[in-house]
Amino acid sequence: VQLQASGGGLVQAGDSLRLSCVASERTATTYYMGWLRQAPGKDREFVATIYWSGGVLSYADSVKGRFTISRDKVKNAVFLQMNSLKPEDTAVYYCASSPRLSTRHTDYTYWGRGTLVTVSS
């Protein structure tokens, strides 16, 4: 499974960005698609996840109410709409897949190359 993420960039605090991730295929290892991030000098952390069939969503507390994860089953794509961005959201954002609902990055099997999001104050 190959995952291709895009959409990062440099924005100011309060701005919005939309990240996209396209999966080359859907298998048992991609039942759940997630976004995780890693800030400089910090561990990788969970941001949001969604079940391909819909109806199951999970967000990190730090992004609830500001970020929205969604998917397009036809396009095999997952999106992360990020609003009201804060400088602490600065990180490399990764698209990843998991066979189960999880907030642990170790449960994610396939990872795409990250896309950098930088939020200036």
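Side chain of Thr115 to backbone of Tyr93: no donor-acceptor contact under 3.5 angstrom is found. A donor-acceptor contact shorter than 3.5 Å is absent between the side chain of Arg44 and the backbone of Gln38. Using modelled atom types, no side-chain atom of Arg71 and backbone atom of Ala77 make a donor-acceptor pair closer than 3.5 Å. In this structure a side-chain-to-backbone donor-acceptor pair under 3.5 Å is missing from Ser102 to Asp107.
Rounded to the nearest 0.5 angstrom, Ser20 OG and Gln81 CD are separated by 9.5 Å. Between the OG atom in Ser97 and the CE atom in Met33 there is a gap of 5.5 Å [rounded to 0.5 Å].
Under the 4.5 Å side-chain heavy-atom criterion for Ile, Leu, Val, Met, Phe, Trp and Tyr, Met82 and Leu57 are members of the same hydrophobic cluster. Put simply, Val63 and Phe79 are part of two different groups of oily side chains (I, L, V, M, F, W, Y) that touch within less than 4.5 Å, one to the next. Criterion: ILVMFWY side-chain heavy atoms under 4.5 Å apart, direct or through other members. Under it, Trp52 and Trp35 are part of a common hydrophobic cluster. When hydrophobic clusters are built by joining Ile, Leu, Val, Met, Phe, Trp and Tyr residues whose side-chain heavy atoms come closer than 4.5 Å, directly or via intermediates, Ile69 is not grouped with Tyr108.
Residue pairs meeting the disulfide (SG to SG under 2.5 Å) criterion with at least one partner in residues 39-96, sequence neighbours excluded, are Cys21-Cys95.
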Q) Can you list the steps and then say if Leu85 with Phe67 is a side-chain contact (heavy atoms from CB on, under 4.5 Å)? A) CA-CA 9 Å; Leu85 283 161; Phe67 291 11; 3.8 Å; yes
**Q.** Trace of the side-chain contact (heavy atoms from CB on, under 4.5 Å) decision for Gln2 with Glu25
**A.** CA-CA 8 Å; Gln2 293 184 342; Glu25 59 184 295; over 6 Å; no
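Taking 4.5 Å as the limit, every side-chain heavy atom of Val11 sits out of range of all side-chain heavy atoms of Ser120.
Closest non-hydrogen pair, Ser58 versus Leu101, comes out as CB-CD1, 4.3 Å. Contact record, Arg37 with Ser62: NH2-OG, 3.5 Å, taken as the closest heavy-atom pair. The two residues Ser53 and Lys73 come nearest to each other via the heavy atoms CA-NZ, 4.4 Å. Across Leu36 and Ala96, no two heavy atoms sit closer than the pair CD1-CB, 3.8 Å. The shortest non-hydrogen separation linking Tyr110 to Val1 is CD2-O, 3.6 Å. For the pair Gly112 and Tyr94, the tightest heavy-atom approach, listed with the atom from each and the gap, is O-CD2, 3.4 Å.
Of the candidates Leu10, Thr90, Leu19, Asp89, Val117 forms a side-chain contact (heavy atoms from CB on, under 4.5 Å) with just one, namely Leu19. For the side-chain contact (heavy atoms from CB on, under 4.5 Å) with Tyr59, the lone residue among Ile50, Val47, Thr103, Thr68 that qualifies is Thr68.
When the side chain to side chain donor-acceptor pair (under 3.5 Å) test is applied to Asp15, no partner is found at least two apart in sequence or on another chain.
Taking the centre and axis of the six-membered ring of Phe46, the NZ or CZ atom of Arg104 falls outside the cone set by 45° and 6.0 Å.
Using cut-offs of 30° and 60° on the angle between ring planes, the pair Tyr51 and Tyr31 is perpendicular.
In the displayed structure, Gln4 atom CD is contacted under 6.0 Å by at most 12 heavy atoms of other residues, nucleotides or ligands.
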